[in-house]
J.: 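The structure's right below; bear with me while I get my questions together.
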Number of protein chains: 2
Amino acid sequence: MLDCKREFHDSEEGVRTAMPENDTTAPGADATPGSSATPGAGAATPAVTREALAQAALRVLEREGLAGLSMRKVAAEVGVKAASLYWHVRNKQELLDLLNDAIMGSAEPPPREGGWREQFHAYCWRYRRLLLDNRDAAKVVAGRLAPGPNLLGLMEDQLDRLRAAGLSDADAAMASYLLGAFVQGFVLQEQSPISAAEVLGGSRREIAVAAGDLFRALPAEDFPNLVDLADDLTAPDMDARFEFCVQRILDGLAALLPPDRR
Amino acid sequence: MLDCKREFHDSEEGVRTAMPENDTTAPGADATPGSSATPGAGAATPAVTREALAQAALRVLEREGLAGLSMRKVAAEVGVKAASLYWHVRNKQELLDLLNDAIMGSAEPPPREGGWREQFHAYCWRYRRLLLDNRDAAKVVAGRLAPGPNLLGLMEDQLDRLRAAGLSDADAAMASYLLGAFVQGFVLQEQSPISAAEVLGGSRREIAVAAGDLFRALPAEDFPNLVDLADDLTAPDMDARFEFCVQRILDGLAALLPPDRR
DNA sequence: ACCTGAACACCGTTCAAGT
DNA sequence: ACCTGAACACCGTTCAAGT
């Protein structure tokens, strides 16, 4: 087994309670390299930190999408050459992990009021909104569990509410997992281009119409249900669809609780 | 708006009822190019068809994973150079769409017996199994809706059962969507490496243990619930977790039905 | 109708070398 | 401690050219 000397460049980076630092001085604009910076503990703004890399990656993601997110572009965004990134980050995957948690950094847990149903409902909707609002966020987040400080803070809060609702420890843990898996899966589907439809540059609605036409054009003897439900299957109101799904899950969770706590 | 001359090389490829052809003569082994093949309708096995490309892509995927699936490798697998693929396929994305449906080709709908609950349950489990059994299948399938003949066949069958269960047209359509989004999301999570853990080459169980340690090591005053539920959150029995989620969804769907049909 | 070689504009990553 | 130039081994895609 290949063992591991697990130290990395700066072995601090402990989990501190989520607060994104939020320095608004965007790097990449100033191109003054550290020429005569005092190298002591005087803190002359190290300029390129892992935090800064995450923010730079976030901007590149917004501008170019996940497919256009390269080490070279992130490096340029931060005013440095690609090879330099490997001093701060083991590889691209690790940069994506930082990006992952940076995305979660803009999440805000819903107000703590109302019953567990309202709160869980709000959680689902806010998570979906977050994924929809950050370009390609669903693809970045899905398929990679990067428990950074931001995600951990959200999980902590969510578990607290689920237990308060009366769920057992095991049920609370699973419900939290269910929420994450479902919302990610939903948004991934929601944002996925339909292969046949990308051909036309169409809007969301045009695509739905085209998909409906596709279903209706199927041979009715082989696909009676698809032909019949063409409209329902391609209804473009994704909010309604999401709401339906969330209500199913809420009802399912309610069944775990004693009747007086539902 | 850029309009489109939408013809492609072979404009057949209509939707025929799903039957994967299943020719076991693997191409890529024989390297005899079509030297003196009769060009008429004599059918001298065209060797490289879109079907063959999909099967070749499937093999490359199994061998190298999605990250290693390149046009050059698929071309080699089929005994041809990369540039040639662009005669049969518009771009890599279109090849991935073919692969997408090829994966669905090995799906088998569950037996049509028992109540709707058992059948929906079996559908969820079989879909998950399918995604787990084909390397990186969840990643290929997620984020791309490629309604090929195989997927269409499955949707048709599934909708038929949901309507038979007593769901309205709209509800049946949404339930089908929910199933797909959830299972894809779940398996994506399930297969996703944990960033902190890939460091050790560990097995599934070792990773769970490491993740548990991570949670337990958090400052208890900031993350009381994560510390407390560390074991539940990292329980490695994914089957149990999936079953929990499926049961929630089933209960949620049951709530849509009149009591006598649940 | 189908395939090829060669090229283009990119990638992620490594490493000796600079300061 | 941090950054660089140059290189390596790849990518997807295009296109004139072959048969």
Side-chain angles (χ1 to χ4, degrees), chain A residues 7-12 27-28 30-53 56-57 60 64-97 99, chain B residues 7-12 27-28 30-53 56-57 60 64-97 99:
Chain A
E7 292 330 307
F8 203 43
H9 308 297
D10 40 3
S11 62
E12 50 83 37
D30 53 20
T32 55
S35 47
S36 66
T38 58
T45 60
V48 43
T49 59
R50 305 179 105 224
E51 210 77 23
L53 284 187
V60 175
E64 321 253 10
L66 182 56
L69 182 84
S70 68
M71 296 298 269
R72 283 167 164 90
K73 294 214 191 100
V74 173
E77 178 76 17
V78 92
V80 114
K81 295 306 171 61
S84 312
L85 297 192
Y86 291 84
W87 180 260
H88 304 274
V89 132
R90 206 183 320 270
N91 49 32
K92 190 183 184 184
Q93 187 55 251
E94 191 168 290
L95 179 67
L96 288 178
D97 288 339
L99 175 59
Chain B
E7 290 332 308
F8 201 43
H9 305 297
D10 41 1
S11 62
E12 51 82 34
D30 53 20
T32 54
S35 48
S36 65
T38 56
T45 58
V48 44
T49 60
R50 305 180 105 225
E51 211 77 23
L53 284 187
V60 174
E64 320 252 10
L66 182 56
L69 182 85
S70 70
M71 297 297 271
R72 284 169 163 90
K73 293 211 192 103
V74 173
E77 177 76 18
V78 90
V80 114
K81 294 306 170 64
S84 312
L85 296 192
Y86 291 85
W87 180 261
H88 305 274
V89 130
R90 203 181 323 269
N91 49 31
K92 190 184 182 182
Q93 187 55 250
E94 192 168 291
L95 178 66
L96 288 177
D97 287 338
L99 174 60

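Note that the structure is predicted; figures quoted are calculated from it, not measured. Proteins get letters first, then strands, A, B, ... in listed order; numbering begins at 1 in each.
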J.: Heavy atoms only: give me the nearest Ser84(B)-Val80(B) pair and the separation to one decimal.
T.: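 Nearest pair, atom of Ser84(B) first, then Val80(B): CB-CG1, 3.6 Å.
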J.: Of the nucleotides dT4(C), dG12(C), dG12(D), which has the atom closest to the Tyr86(B) side chain?
T.: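 Among the listed nucleotides, the one closest to the side chain of Tyr86(B) is dG12(D).
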J.: Do the side chain of Arg50(B) and the main chain of Val89(B) share a donor and acceptor less than 3.5 angstrom apart?
T.: no
J.: Need the pair for dC2(C). Rule: Watson-Crick or G-U wobble, both distances under 3.5 Å, any strand; none if unpaired.
T.: dG18(D)
J.: Measure from CG on Asn91(A) to P on dC10(D) and round the result to the nearest Å.
T.: 18 Å
J.: Roughly how many Å is it from CD in Glu64(B) to C1' in dC10(D), rounded to a whole number?
T.: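 Rounding to the nearest Å, CD of Glu64(B) and C1' of dC10(D) are 13 Å apart.
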J.: Can a side chain N or O of Lys81(A) be found less than 4.0 Å away from OP1 or OP2 on dC2(D)?
T.: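 So the side-chain polar atoms of Lys81(A) never come under 4.0 Å of the phosphate oxygens OP1 or OP2 of dC2(D).
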J.: Between Lys92(B) and Met71(B) (side chain of the first, backbone of the second, donor and acceptor by atom type, cut-off under 3.5 Å), is there such a pair?
T.: no
J.: Considering non-hydrogen atoms only, spot the tightest contact between Glu77(B) and Ala56(B) and give its length.
T.: CG-CB, 3.6 Å
J.: Which pair of heavy atoms, one from His88(A) and one from Val48(A), lies closest together, and at what distance?
T.: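 Answer, listing the atom of His88(A) first, then Val48(A): CE1-O, 3.2 Å.
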J.: Would you say His88(B) places a side-chain N or O within less than 4.0 Å of OP1 or OP2 belonging to dA1(C)?
T.: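 Answer no for this pair, as no side-chain N or O of His88(B) is under 4.0 Å from OP1 or OP2.
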J.: Taking only the side-chain heavy atoms of Ala83(B) (C-beta and beyond), determine which of dT4(C), dG12(D), dT13(C) contains the nearest atom.
T.: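 The answer is dT4(C), which lies nearest to the side chain.
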J.: Does a side-chain N or O of Trp87(B) approach OP1 or OP2 of dC3(C) to a distance below 4.0 Å, or not?
T.: no
J.: From C-beta outward on Val80(A), which listed nucleotide comes closest to its side chain: dG12(D), dT4(D), dT13(D)?
T.: dT4(D)
J.: Only pairs with both distances under 3.5 Å count, Watson-Crick or wobble alike; so what is the partner of dG12(D) in this structure?
T.: dC8(C)
J.: Distance check needed: dC10(C) P versus Met71(A) CE, whole Å only.
T.: 18 Å
J.: Mind checking if Ser84(A) touches a base, just sugar-phosphate, or nothing, with heavy atoms under 4.0 Å?
T.: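 Counting heavy atoms under 4.0 Å across all strands, the contact made by Ser84(A) includes a base.
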J.: Looking only at side-chain N and O atoms, does Lys92(B) come under 4.0 Å of OP1 or OP2 in dT13(D)?
T.: no
J.: Mind calculating the distance between CZ (Arg72(A)) and P (dC11(D)) to the nearest angstrom?
T.: 15 Å
J.: Any base atoms under 4.0 Å from Leu95(A), or only sugar-phosphate, or nothing? Heavy atoms, all strands.
T.: nothing
J.: Between Ser70(B) and Leu85(A), who's closer to the 5' end of DNA chain D by nearest nucleotide?
T.: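 Its nearest nucleotide being more 5', the pick is Leu85(A).
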J.: In whole Å, I'd like the distance from the CG atom of Leu53(A) to the P atom of dC2(D).
T.: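 Computing the Leu53(A):CG to dC2(D):P distance gives 12 Å.
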